[in-house]
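Everything quoted here is computed from the prediction, not taken from an experiment.
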Amino acid sequence: MARKRKRPGKRRRRSRKSGPEARTLFLARKGIPEAQFLLGQMYMTGESGVRYDPVRSVRWLRAAAEQGHAEARMYLAEAADAGHLPARYLLAALRGEDDEFDGAVEFGDLDDLDALGEFGDPDDLDGFGHPDAAEVFDAFGDPSPEEMREIIEKLLREAWKGDEDAQFGVALPYHLGLGVDRNHEEAIRWFRAAAGQGNSTAKTNLGVMHYNGEGVPAPDHEAALRWYRAAAEQDDAAALHNLGCMHYEGEGGLEPDPVKAAQLFLRAARLDYPEAQYVVALKYSEGDGVEQDAAEAVAWFRKAAKRGQAEAQYEMGIRHVEGDGVEQDGEEAERWLVRSAEQGQVLASYALARLYDEGDLLPLHEAKALEFLRWAAVEEWPPAMNRLGVWLLYGKGVEKDPEEAVRWFRMAAEEGFPLAQHNLAKSYLTGVGIKQDDGKAAKWYRSAATQGFAPSQLAIGMLYLLGRGVERDESRAVRWLERGGESGILDFEEIVGEEEEWMSHPLLARLTGHEGGGGSPPN
């Protein structure tokens, strides 16, 4: 399995959810109504280990109901009958009962109750320069929107009195728009106040805001560099990591310096900063700024993985698949890949789908393979979208649905994935799952062929030879057929389907040595 590694970044996300809640939340956020309904049901009943939370329940039931999910409306009705005011007014809005909906003022100053949908979870917070930003809000006890506003008002009173923690505490909601309208200028004002009293995290966050151009006229990398350096002098791990990124890329007037960057990443990693631990592992793995050391790479990947860093968890999983620096171990691979996938790491989801489908390191499990394949496809990973399309086309683990298969082929094809472009082209050529159209088939075959995909090179060659979807051009046909034939692919029937005029053409037989065959689209 090929690996895809990300470059050092200055922003990170962390999710502390796991298990059914994490999996359902992942799909619900992608707009899948069934997942939104299930999540709302989980919060409403407190099942599957999920904490009872009627406000979040209504939020997700509303999202599903607005997409026409009948059971979601039923649950909203039951909640309304039980006296749950948010459910009562949301249900009225969905039914178009404006007078009843206007009565939402009884629930508080929420106008149209958008706060239910937009307040979000502490788990959704982007920690930007600070690894523990989400934990700031854990101390608030996971408040409702109204409670959050009260907390901010209290923090503001203390902040004006010069309390450093309150100044930082009020800056963060302004930056993220929690309980107040997002206001980067106010966030900078209070971060500056806290930084002036020596708060290293506030300095780091000021660096991030200047780097991104938030609350300032334009991105200012030199100012970001100054703030990161000030925080790094206090051994702020996030600042050290971000400073390492700037040295690596040569930003803010710096010259690119992989060695200096690696030193900074290592300092942050030793302070138990998981993002830096992952980057250090990459450096040792690739010999980038440090002497290559496979054992050190594995050690740092493991440390970052244990701290919940999703990419490191993926890396540990794949290493156990391949036996790279660790023993090949299907159960260990599964353990790490599941943890990574539950945080939304699409490569981990796709890797699990393949492991469960192939049945080598793990027992064959078609249902699990399909579940993780869907995760990866919903996250718009082109190989997963294409493979899911193939499964839908042939009814592998799921009811046959050619139209839905074509939808996934198209999404992956539009991302430039040649296998999906080829499969979409074949769908147009054969009229399976979509209206037959030689011209569109030629368009997509050509797109994949120009990327060097041999089956599409053969297919577009035949279209030029026969004048289907394009003007007949034997010289172009020969060029494409020769390119495709160089790959040694003989099973032309599998590539373009059984059509007598294709299979019997003498030029095709001469160039490809075709003798017939059959099969499914490449996946």
Side-chain angles (χ1 to χ4, degrees), residues 2 377 381-394 396 400 402-523:
W381 178 237
M385 291 191 285
N386 176 72
R387 184 175 286 244
L388 181 58
V390 173
W391 285 31
L392 287 161
L393 185 64
Y394 288 92
K396 179 178 171 63
K400 281 187 179 182
E403 290 79 12
E404 182 69 2
V406 169
R407 188 174 77 87
W408 286 109
F409 288 151
R410 183 183 304 281
M411 286 192 291
E414 290 173 350
E415 292 292 320
F417 190 59
L419 267 69
Q421 293 174 340
H422 178 90
N423 288 339
L424 180 59
K426 185 173 178 180
S427 298
Y428 274 118
L429 186 72
T430 59
V432 175
I434 199 167
K435 184 178 179 181
Q436 200 278 338
D437 190 320
D438 284 350
K440 291 181 179 178
K443 168 193 169 183
W444 287 109
Y445 276 136
R446 188 186 297 109
S447 182
T450 55
Q451 295 186 65
F453 189 60
S456 290
Q457 292 172 336
L458 291 172
I460 191 64
M462 284 306 299
L463 290 177
Y464 274 117
L465 188 63
L466 301 172
R468 289 186 57 176
V470 292
E471 187 174 343
R472 189 176 185 281
D473 188 327
E474 187 165 324
S475 62
R476 285 188 178 182
V478 169
R479 286 199 300 271
W480 282 119
L481 289 168
E482 285 178 340
R483 290 184 195 177
E486 288 172 359
S487 69
I489 294 176
L490 303 181
D491 198 351
F492 195 69
E493 179 184 318
E494 178 176 337
I495 297 167
V496 297
E498 296 184 50
E499 296 196 37
E500 185 62 30
E501 62 174 331
W502 299 54
M503 311 311 294
S504 61
H505 200 287
L507 181 59
L508 176 64
R510 177 170 64 81
L511 291 173
T512 68
H514 172 69
E515 296 179 357
S520 62
N523 61 44

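- Across Ala442 and Gly469, no two heavy atoms sit closer than the pair CB-O, 4.0 Å.
- Side chain of Arg472 to main chain of Leu465: a donor-acceptor pair is present (N/O by atom type, distance under 3.5 Å, no hydrogens or angles).
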Pair Tyr445-Lys426, side-chain contact (heavy atoms from CB on, under 4.5 Å): steps then yes or no: CA-CA 8 Å; Tyr445 276 136; Lys426 185 173 178 180; 3.6 Å; yes
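- To the nearest 0.5 angstrom, His422 atom NE2 is 9.5 Å from Leu429 atom CG.
- One distance of note links CD of Glu414 with OG of Ser447; it measures 10.5 Å at 0.5 Å rounding.
- For the atom pair CG (Asn386) and CD (Glu415), the distance works out to 12.5 Å, reported to the nearest 0.5 Å.
- Distance check: Thr450 OG1 to Gln457 CD gives 9.0 Å after rounding to the nearest 0.5 Å.
- The minimum heavy-atom distance linking Ala448 with Ser456 is given by the pair CB-OG, 3.2 Å.
- Val432 and Val406 get closest at one heavy-atom pair: O-CG2, 3.7 Å.
- Checked against side-chain contact (heavy atoms from CB on, under 4.5 Å), Ala384 has the following partners two or more places apart in sequence or in another chain: Tyr350, Leu373, Ala376, Ala377, Trp381.
- Atom CG of Asp438 is separated from atom NZ of Lys440 by 12.0 Å, given to the nearest 0.5 angstrom.
- In this structure, Lys396 places its NZ atom where more than 12 heavy-atom neighbours from other residues, nucleotides or ligands lie under 6.0 Å away.
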Please step through side-chain contact (heavy atoms from CB on, under 4.5 Å) for the pair Tyr464 and Arg446, ending with a clear verdict. CA-CA 11 Å; Tyr464 274 117; Arg446 188 186 297 109; 3.3 Å; yes
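- Closest heavy-atom contact between Ala441 and Leu463: C-CD1, 4.4 Å.
- For the side-chain contact (heavy atoms from CB on, under 4.5 Å) criterion with Trp444, the lone passing option out of Ile460, Asn423, Leu424 is Leu424.
- Counting all heavy atoms, side chain and backbone alike, Tyr428 lies closest to Arg410 at OH-NH2, 2.5 Å.
- The shortest non-hydrogen separation linking Leu392 to Trp408 is CD1-CD1, 3.4 Å.
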